[in-house]
Protein chains: 2
Amino acid sequence: MEKPPGSEIEIFRDFIKKKGLRYTSEREIILREIFNIHDHFDVDELYLRLRNKGHRISKASIYRTLPLLIECGLVQEVYHEDGHMHYEHIYGHEPHAHFRCLSCRRVEEFKDQRLEEVAREYAEKYGVEIKMTRFEILGYCSTCRGGEG
Amino acid sequence: MEKPPGSEIEIFRDFIKKKGLRYTSEREIILREIFNIHDHFDVDELYLRLRNKGHRISKASIYRTLPLLIECGLVQEVYHEDGHMHYEHIYGHEPHAHFRCLSCRRVEEFKDQRLEEVAREYAEKYGVEIKMTRFEILGYCSTCRGGEG
DNA sequence: AAAGTATTGAAACAAAATTTCAATAAGGTA
DNA sequence: TACCTTATTGAAATTTTGTTTCAATACTTT
Ligand SMILES: [Mn+2]
Ligand SMILES: [Mn+2]
Ligand SMILES: [Zn+2]
Ligand SMILES: [Zn+2]
């Protein structure tokens, strides 16, 4: 086991400091809430959760903070659906792929060693530096297939 | 070699008919233009190409036609960037994955047998019906890595 | 404490995508 | 062919997502 470099809070604070930015309470509250959501989420859901907890953080701040969290590798864009992006926190989770049902919209996660292999080999062969990979299967889940969907 | 079921035009016409819709000249012109674009494209680019050829087809019609082309498997959403979706025609092309450079925005295609294997095995194991798969590597290309990007 | 600068929320703005609606055209029937 | 029914179209309005502006404020350094 490798020792993890620290909590998401530490990582984010260090990242923010290293960029010469300011570690504000709004940024930390957004980060904390994202790591309380153990599911895929969108900006609206995050905003409403914060509001319901009494935080008065604007959507503008959420939209400004998300790219920072993505840049430092704590959060990922997962998929674009219904006209907006869906995210997830990834720090502390193993890489995984997604199956999305086009009918009921259910999203399932799964792991497969080979996906990282493919990416690693591509990076090796073409000399690119990988920031992230994304593998999605879109189709109809066992419940929905054959139905009217 | 399997005999292909027909040209993209035939496939689209049959699909439209089977759905009880009407095969209009606008829909065919959009389809033809998409299969003239041998690259990833977005709605605006497609619209301008049509206009430059003298076709007066509205963006509304493009936005209405794209989901039909996707539904019948001729076209795919490739990636969402700069606030809008990017597409490609896929009929007649082997499945492929994409590398996208986060700095110069270059997009490279590559094939890997294993990706379809992973999807096939997932489908088998969980009884889902695959409509499409998508594999992306995001990172920095050999030119951009190390640079200011 | 003062100066300098990044961040914030609110509102204005920009852009993407969808919807509305009257005119038109496709496709079926006589 | 002429006629009928109904889906489709373009243009404009609308909705929604995401970005930018800007004055107030908070952080950081001197
Ligand atoms: Mn996930
Ligand atoms: Mn491609
Ligand atoms: Zn389903
Ligand atoms: Zn590059």
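Below, read A as the first sequence line, B as the second, and so on, with proteins coming before strands; counting in each chain starts at 1.
Here the P atom of nucleotide D:dT8 and the CD1 atom of B:I30 are 12 Å apart, to the nearest Å. The distance from atom OH of B:Y47 to atom C1' of D:dA11 is 10 Å, rounded to the nearest whole Å. Atom pair A:E77:CD and D:dT17:C1' shows a separation of 13 Å (rounding to whole Å applied). Rounding to whole angstrom units, NE2 of residue B:H84 and C1' of D:dG18 are separated by 14 Å. A straight line from CD of A:E28 to P of D:dA26 spans 17 Å, rounded to a whole angstrom. Counting to the nearest Å, the P atom of C:dT7 and the CZ atom of A:F12 are 10 Å from each other. Atom CD1 of A:I16 is separated from atom C1' of C:dT7 by 11 Å (rounded to the nearest Å). Summarising the geometry, the separation between CG on A:D44 and P on D:dT15 is reported as 16 Å, rounded to the nearest angstrom.
In summary, of the residues considered (A:I70, A:L74, A:L68), a side chain to side chain contact (heavy atoms under 4.5 Å, CB included) with A:C72 occurs for A:L74 alone.
Between B:R120 and B:E124, none of the side-chain N atoms (NZ, or NE/NH1/NH2) sits under 4.0 Å from a carboxylate O, so this pair counts as no salt bridge. Between A:E26 and A:R64 no salt bridge is recorded (no basic side-chain N to carboxylate O distance below 4.0 Å).
For B:R134 (side chain) and B:Q76 (main-chain N/O), no donor-acceptor pair under 3.5 Å exists by modelled atom type. Listed for the B:H89 side chain is a donor-acceptor partner under 3.5 Å among the backbone atoms of B:I34.
Ring pair A:F99/B:Y126: centre-to-centre distance not below 6.0 Å.
For DNA chain C, the residues of residues 54-64 of chain B within the heavy-atom distance limit of 4.0 Å (strictly under) are B:A60, B:Y63, B:R64, sorted by number.
When the side chains of ILVMFWY residues are joined at heavy-atom separations under 4.5 Å, either directly or via intervening members, B:V75 and B:F15 end up in a single hydrophobic cluster.
When each of A:T65 and B:G83 is assigned the nucleotide of DNA chain C with its nearest heavy atom, A:T65 is the one assigned upstream, toward the 5' end.
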side-chain contact (heavy atoms from CB on, under 4.5 Å) evaluation trace for A:E136 with A:V78: CA-CA 9 Å; A:E136 277 183 285; A:V78 190; over 6 Å; no
For a quick check, with a 4.0 angstrom heavy-atom cut-off, what is the B/S/- contact string for nucleotides 23-30 of chain C, read 5' to 3'? --BBS---
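Residues passing the side-chain contact (heavy atoms from CB on, under 4.5 Å) test with A:E109 are A:H40, A:E88, A:H96, A:H98, sequence neighbours excluded.
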